[in-house]
**Q** 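Starting off with a structure, shown below.
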Amino acid sequence: TVYGAPTWIKRDWLYDAPSEKDAAGKIVIHWFCTPKVKTCTDDLARIVTIKENGRVYIVAHINGSKREAKKLDPIRESEGVGQGTVAFGRGATTLMKQMGISGPASVVLDVDGKVAFVTTSASPSDLDARDKKVADLIAAIKEYKFTSSDPPKDLKANDKFTFTMTVNLARWLTFSGKTPRTFKLTAPPDFKCDAKELKNEQIKVENNVLTASVSCTAPKGIYEARGEITFGYDTPGGASGLGTEAGHFRHRDDAR
């Protein structure tokens, strides 16, 4: 987790203790370093650059005093508000001794808190591999996943079917109650549905999954329907986002 493994001992912090709220939806890097180790100073520049992406949360562990920790601080006070924190002193020293590392070393966690990469080497190739892994994890971060239904393979003319659009929101986000949720279906006139527009409570939200469904029938022929859904979501930090997705429902029944 953002605090480290359950066995990690208590540490002192230059800033606040690690924040699950601030780290939500970000890649977490536990970074370990020791003063007077040149490779730590070299890697510090890399870590600062990674932090500036905005999708990474750094928890630095410095084997040294408060003064020494400030020299290897990747958070940089106001520059890194909400982007991480720094451990120092006896707790950090004991932890690194227990782990058998002096630094630089890194433990990279994905957005689900799972270990994605570990390096205890200061070789450029290993640090390049870590940085690439972090970049790949950042690129894979998605606020939500959208899907829409395909027509049943055995669908015949005038058979009833359900057109469904689903949004699976990332676990660290919540659907906003302030932004209207809407669904609109655009289809030929002979494409009959129990509704072609849904709003707010008509669109189901349960366990971070939003679902809009309508039941329809269509005559023999070639046809296409287009559904569009809009929704808002909130982040742990109080920011908000807007999602708009479209799905198509195509069917051909001119051979029957």
Side-chain angles (χ1 to χ4, degrees), residues 1-6 15-31 47 49-60 74-75 80-85 106-118 130-150 162-184 198-213 226-248:
T1 70
V2 69
Y3 293 99
Y15 309 108
D16 292 336
S19 169
E20 294 281 5
K21 180 178 179 181
D22 289 342
K26 297 179 181 179
I27 307 306
V28 174
I29 302 178
H30 287 278
W31 184 65
I47 291 294
T49 299
I50 290 173
K51 180 203 68 179
E52 291 173 351
N53 176 276
R55 302 306 296 264
V56 175
Y57 189 87
I58 307 294
V59 183
I75 307 306
V81 172
Q83 293 180 283
T85 190
S106 304
V107 178
V108 180
L109 309 180
D110 63 18
V111 292
D112 293 323
K114 298 177 181 178
V115 175
F117 194 89
V118 176
R130 178 202 62 193
D131 296 353
K132 182 181 185 303
K133 182 62 176 181
V134 172
D136 291 344
L137 291 172
I138 291 172
I141 296 175
K142 303 296 181 184
E143 278 70 26
Y144 59 86
K145 180 181 179 181
F146 167 78
T147 57
S148 61
S149 60
D150 293 321
T162 300
F163 180 70
T164 302
M165 299 178 72
T166 304
V167 176
N168 287 270
L169 198 64
R171 63 176 179 79
W172 62 87
L173 302 174
T174 56
F175 285 107
S176 174
K178 299 177 182 178
T179 303
R181 296 190 294 270
T182 64
F183 165 83
K184 184 176 181 180
L198 301 174
K199 294 183 179 180
N200 298 323
E201 289 76 14
Q202 294 175 306
I203 301 174
K204 182 181 178 181
V205 175
E206 184 176 1
N207 297 328
N208 264 31
V209 179
L210 180 152
T211 307
S213 296
R226 181 181 187 274
E228 183 173 287
I229 192 167
T230 61
F231 55 93
Y233 55 86
D234 299 325
T235 70
S240 60
L242 180 66
T244 300
E245 293 291 338
H248 294 79

**Q** Would you mind telling me which of Asp131, Val108, Val134 makes a side-chain contact (heavy atoms from CB on, under 4.5 Å) with Phe117?
**A** Val108
**Q** With side chains defined as the heavy atoms from C-beta onward, is the minimum distance between Pro180 and Asn200 less than 4.5 Å?
**A** yes
**Q** Between Thr179 and Phe231, is there a side-chain heavy-atom distance shorter than 4.5 Å?
**A** no
**Q** Ignoring hydrogens, what is the shortest heavy-atom contact between Tyr233 and Leu173? Give both atom names and the distance.
**A** CD1-CD1, 3.8 Å
**Q** Taking the side chain as every heavy atom from C-beta outward, state whether Trp31 and Val107 have any pair of such atoms under 4.5 Å apart.
**A** no
**Q** Rounded at 0.5 Å granularity, tell me how far NZ in Lys145 sits from OG1 in Thr147.
**A** 7.0 Å
**Q** Give the minimum heavy-atom separation between Lys51 and Gln83, together with the two atoms involved.
**A** O-NE2, 2.9 Å
**Q** What's the shortest heavy-atom distance between Leu137 and Ala116, and which atoms?
**A** CD1-CB, 3.7 Å
**Q** Determine which pairs satisfy side chain to side chain donor-acceptor pair (under 3.5 Å) with at least one residue from residues 234-246, sequence neighbours left out, and list them in order.
**A** Tyr144-Glu245
**Q** Heavy atoms only: give me the nearest Val2-Ala23 pair and the separation to one decimal.
**A** CG2-CB, 4.0 Å
**Q** Can you measure from NZ (Lys133) to CD1 (Ile27) and round to the nearest 0.5 angstrom?
**A** 9.5 Å
**Q** Check salt bridge (charged side-chain N to carboxylate O under 4.0 Å, His left out) between Arg130 and all other residues, then give those that pass, not counting sequence neighbours.
**A** Asp43
**Q** Among all residues two or more places apart in sequence or in another chain, which pass the side chain to side chain donor-acceptor pair (under 3.5 Å) test with Glu20?
**A** none
**Q** In this structure, are over 12 heavy atoms from other groups packed under 6.0 Å from Asp112 atom CG?
**A** yes
**Q** Donor-acceptor pair, Tyr57 side chain versus Ile29 backbone, under 3.5 Å?
**A** no
**Q** Between Ile58 and Pro74, which heavy-atom pair has the shortest distance, and what is it?
**A** CG2-CG, 3.9 Å
**Q** Considering all heavy atoms of both residues, which atom of Arg181 and which atom of Glu201 are nearest to each other, and what is their separation?
**A** NH2-N, 4.4 Å
**Q** Would Val209 and Leu169 count as a side-chain contact (heavy atoms from CB on, under 4.5 Å) if you check the C-alpha gap in whole Å, the side-chain angles of each, and the deciding distance to 0.1 Å?
**A** CA-CA 6 Å; Val209 179; Leu169 198 64; over 6 Å; no
**Q** Side chains of Thr164 and Ser213: any donor to acceptor distance under 3.5 Å?
**A** yes
**Q** Answer whether the closest heavy-atom distance between the side chains of Val56 and Lys26 falls below 4.5 Å.
**A** no
**Q** To the nearest 0.5 Å, tell me how far Glu228 CD sits from Lys184 NZ.
**A** 8.5 Å
**Q** Please name the residue in the list Ile229, Leu198, Leu210, Thr211 that meets the side-chain contact (heavy atoms from CB on, under 4.5 Å) test with Met165.
**A** Ile229
**Q** Would you confirm whether Asp22, through its side chain, and Gly84, through its main-chain N or O, come within 3.5 Å as a donor-acceptor pair?
**A** no
